[in-house]
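One structure is given here, and the rest of the page talks about it.
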Amino acid sequence: MSGTPSSAGDRLVRIGAIVFLVGALATVATMAPLFLGADPLPAPAYFVCMLMGAGFVIAGAGVLRSMAAGRRQARSAR
């Protein structure tokens with residue numbers, strides 16, 4: 001372990017990054033057949049691509065949560 005305390009939103013940022021990467025891989029997988037001249041994938045594969053946006057929102061929520069925790073900590077230190 002690194003010994004540093006984890007911030008309030010660190011877990012959300014990590015989860016958001018993982019969800020974003022899954023969506024990015026799905027985007028590459030769904031776009032590749034279009035460029036290679038193969039048959040396109042079915043519609044559910046395109047819906048998995050939306051995980052990119054969801055991951056971005058989850059990570060953003062984690063950043064906002066970390067910011068709020070930092071503000072609370074700074075206010076209590078005064």
Side-chain angles (χ1 to χ4, degrees):
M1 300 296 297
S2 63
T4 59
S6 63
S7 180
D10 284 349
R11 183 170 291 165
L12 280 176
V13 172
R14 287 184 184 133
I15 292 170
I18 291 168
V19 171
F20 182 86
L21 288 175
V22 169
L25 290 174
T27 301
V28 169
T30 54
M31 292 297 158
L34 299 176
F35 290 114
L36 298 174
D39 291 333
L41 295 176
Y46 288 92
F47 291 122
V48 177
C49 296
M50 293 182 194
L51 288 177
M52 283 179 69
F56 189 75
V57 169
I58 293 169
V63 169
L64 292 177
R65 188 171 177 189
S66 293
M67 287 172 44
R71 281 186 166 182
R72 281 192 300 270
Q73 186 178 15
R75 285 183 184 166
S76 67
R78 282 193 218 176

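From a predicted model like this one, the values you see are computed outputs, not experimental measurements.
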By the side chain to side chain donor-acceptor pair (under 3.5 Å) test, which pairs, at least two apart or in different chains, include something from residues 49-62?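 Residue pairs passing side chain to side chain donor-acceptor pair (under 3.5 Å), neighbours aside: none found.
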May I have the list of side-chain donor-acceptor pairs in residues 57-66 shorter than 3.5 Å, sequence neighbours left out?
| from | atom 1 | to | atom 2 | distance (Å) |
| --- | --- | --- | --- | --- |
| Ser66 | OG | Ser7 | OG | 3.2 |
| Ser66 | OG | Gly9 | N | 3.2 |
| Ser66 | OG | Gly62 | O | 3.1 |

Would you list the atom pairs, donor with acceptor, under 3.5 Å between side chains in residues 38-53 and any protein atom, with sequence neighbours excluded?
none

Partner residues of Arg72 under the side-chain contact (heavy atoms from CB on, under 4.5 Å) criterion, sequence neighbours left out: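 Listed in chain order: Ala68, Ala69.
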For residues 16-35, run the donor-acceptor check on the side chains, cut-off 3.5 Å, and write out each pair with its distance to 0.1 Å, sequence neighbours left out.
| from | atom 1 | to | atom 2 | distance (Å) |
| --- | --- | --- | --- | --- |
| Thr27 | OG1 | Gly23 | O | 2.8 |
| Thr30 | OG1 | Ala26 | O | 3.0 |
| Thr30 | OG1 | Thr27 | O | 3.1 |

